[in-house]
Amino acid sequence: MTETIPRPREDGAESDYAREPDPLRLLAPLRIEARAIRRGLRDLPEPPTVIRTGYGTTRAAQQAGRLSQDPFGQMMIMGVGGGLSADLSPGDLVVGTEVGPGMGPGMGPGMGTVTCAAAPILAGELRRAGLSARTGRITTVDHLVRRAERAKLAAEGWLLADMESAPLAAAAAGRPVAVIRAVSDTPDHPLAGIVSGGLAALRSLRAAAPVAQRWTAACGTRQVLLAGPRSFCAGVERAIEIVERVLERQGEPVYVRKQIVHNTRVVGDLESRGAVFVDELDQVPDGATVVFSAHGVSPAVREDAARRGLAVIDATCPLVSKVHAEARRFAADGYTVALIGHAGHEEVEGTLGEAPDSTILVQTAADVAALTPKDGERIAYLMQTTLSVDEAAEVSGALRERFPAMRAPGSDDICYATTNRQAAVRAVAAGSDLVLVAGSKNSSNSVRLVETCERAGTPAHLIDGAEDIQLDWLAGVSTIGLTAGASAPPAVVEEIIAALSGLGPLTVTEKVTTTESIRFGLPKEVRH
Ligand code: SF4
């Protein structure tokens with residue numbers, strides 16, 4: 001049922017709001033903005049209705065009064081606006097993280113700030129559509145702002161100014177609300193450039209318009225089942241702390257061979273603080289300090305560092321070092337080592353390097369048939385620490401069938417963190433329509449979590465953060481499982497939950513399958 005709410009009659013046209021059958025209120029203040037958005041929507045089978053709300057704060061406040069009586073589901077405000085930051089260009093899109101009153105007598109103290117929590121999801125969706133979009137705070141003013149006022153608003157942390165969003169957004173009253181404004185003018189292209197800037201902005205609005213329909217399909221009441229344990233393991237925490245401590249003691253730059261852990265957020269954060277990630281030691285200046293990553297290195301890399309006179313601080317996870325020691329021990333005893341793992345992974349390359357003449361990489365059960373050990377009676381197996389428990393069992397089963405006398409490692413090579421996170425995500429996948437796994441594409445244990453869900457019959461997606469969530473994934477989904485790989489920071493999980501809460505009422509339930517208390521000591525170089 002749709003309640004009739006007339007829109008402003010500034011153009012004398014009959015409102016199409018009354019015939020509006022869907023829960024979305026798609027608002028555009030100006031006729032020219034509404035037209036651009038309608039054009040962007042016209043190829044959709046059932047395009048949402050665009051409601052013109054009128055120019056300026058007074059009309060926006062009047063419209064908000066009408067909207068407050070309307071039982072709509074969610075609100076999206078689209079239009080153009082003035083960029084406040086010099087790094088914005090005409091045509092860029094700003095997706096509001098919050099919308100609040102700025103300067104002018106029309107912006108009364110009673111008008112609060114409205115949070116648009118799903119902004120990172122929307123901005124990611126727009127970027128994937130090829131548009132230049134970023135998130136930021138949007139303020140509403142009651143007059144066109146000049147250079148000095150722009151600078152003042154920018155200093156207060158606002159990214160864009162418009163003349164309608166804050167009063168309109170306030171009418172959402174807790175329901176999902178999104179604001180997308182296209183930049184028409186900037187501090188470097190002020191009002192003199194408004195015609196060309198305005199055209200660029202309208203083009204962007206038109207291109208952005210289809211996102212409104214996907215956003216409204218993704219809105220709804222849902223629950224999140226949070227897997228526990230998730231996120232950082234003891235080896236990752238130790239590796240990050242080592243780099244932080246070296247930075248603290250020696251200042252920047254601190255060279256790190258390979259990504260310290262496989263996560264773009266962690267690497268980006270440490271880079272911003274002075275860490276320099278290199279692929280090989282020849283990129284490290286003579287005499288510098290270099291940190292080896294959590295995945296470990298082969299003896300050849302250690303020898304190279306010693307030859308170069310580099311000061312080495314080793315962040316290899318102790319559970320990876322354990323596998324290296326086992327490889328050396330089996331090789332010294334004359335065994336051929338079948339290393340179950342993935343070709344090209346840094347950890348596997350490091351382990352292979354411990355006994356290259358005695359170790360053979362086995363990736364699948366099919367590889368087992370092709371294995372030609374020197375002595376079928378003296379064969380042992382080891383594993384990469386971050387494998388899928390189920391898949392690795394298949395391969396080790398095939399090995400045992402072919403080599404019944406095969407030796408096994410003293411204790412499981414797949415580490416506690418990998419095993420625990422797979423068990424935890426399996427438990428939430430069973431009750432979820434979809435699972436989101438926070439982690440980077442090159443993170444082996446995160447990719448295994450996605451595979452674990454898929455094997456359990458639940459679709460899953462690997463995401464670096466909320467900006468990677470695709471709105472289409474969420475349509476019709478009422479329960480989302482959520483976990484994070486061992487290299488993904490806990491803050492990313494919080495960020496994802498916050499963004500999902502911007503799409504409608506969200507309940508979060510944690511399902512803990514086990515608790516972890518393992519901690520590893522730091523190397524002596526950074527201990528005190
Ligand atoms: S995932 Fe396992 S092996 Fe890798 S760093 Fe963490 S604890 Fe160590």
Side-chain angles (χ1 to χ4, degrees), residues 227-245 256-267 270 277 291-298 313-327 339-342 344-354 381-392 409-426 437-452 462 483-490 492-493 513-523 526:
R230 62 183 173 276
S231 199
F232 282 174
C233 61
V236 163
E237 279 178 349
R238 174 180 181 269
I240 294 169
E241 191 175 351
I242 289 170
V243 178
E244 287 173 339
R245 286 190 175 216
V256 183
R257 185 185 175 277
K258 308 284 186 191
Q259 292 190 344
I260 184 72
V261 299
H262 286 157
N263 187 269
T264 51
R265 294 283 181 98
V266 171
V267 167
L270 290 172
F277 294 92
V291 179
F292 288 159
S293 78
H295 306 103
V297 298
S298 70
I313 301 177
D314 192 358
T316 303
C317 175
L319 298 182
V320 175
S321 300
K322 168 193 137 319
V323 182
H324 284 214
E326 286 165 335
L339 174 62
I340 305 173
H342 293 291
H345 191 276
E346 283 152 40
E347 181 189 323
V348 165
E349 291 187 345
T351 309
L352 282 171
E354 289 289 351
Y381 78 90
L382 296 175
M383 288 181 185
Q384 184 181 337
T385 56
T386 50
L387 293 184
S388 149
V389 173
D390 299 337
E391 252 183 80
S411 58
D412 281 351
D413 285 339
I414 297 181
C415 76
Y416 79 97
T418 300
T419 309
N420 290 348
R421 278 151 191 71
Q422 286 175 20
V425 84
R426 207 176 287 118
V437 178
S440 294
K441 289 188 173 56
N442 60 344
S443 161
S444 172
N445 80 85
S446 304
V447 173
R448 303 290 89 78
L449 293 175
V450 172
E451 292 170 357
T452 302
L462 185 64
T483 187
S487 48
V492 174
V493 174
T513 49
T514 187
T515 52
E516 294 175 343
S517 56
I518 292 178
R519 291 282 171 275
F520 297 132
L522 292 168
V526 294

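Positions are given from 1, in the same order as the sequence printed here. We count ligands from 1, going down the list as the structure has it; atoms in each ligand are counted the same way. Because the structure is a prediction, the values reported are computed rather than measured.
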S.K.: Under 2.8 Å from atom 2 (Fe) of ligand 1, how many protein N/O/S atoms can be counted?
M.R.: 1
S.K.: Any side-chain donor-acceptor pair under 3.5 Å between R448 and S444?
M.R.: yes
S.K.: Keeping D412 on the side-chain end and I414 on the backbone end, is there a donor-acceptor pair under 3.5 Å?
M.R.: no
S.K.: Would you find a donor on one side and an acceptor on the other, under 3.5 Å apart, between the side chain of S487 and the backbone of H262?
M.R.: yes
S.K.: Taking the side chain from S440 and the backbone from T264, do they hold a donor-acceptor pair closer than 3.5 Å?
M.R.: yes
S.K.: How many angstroms lie between atom CD of E347 and atom CG of L339, to the nearest 0.5 angstrom?
M.R.: 8.5 Å
S.K.: For E326 and L382, indicate whether the former's side chain and the latter's backbone hold a donor-acceptor pair under 3.5 Å.
M.R.: no
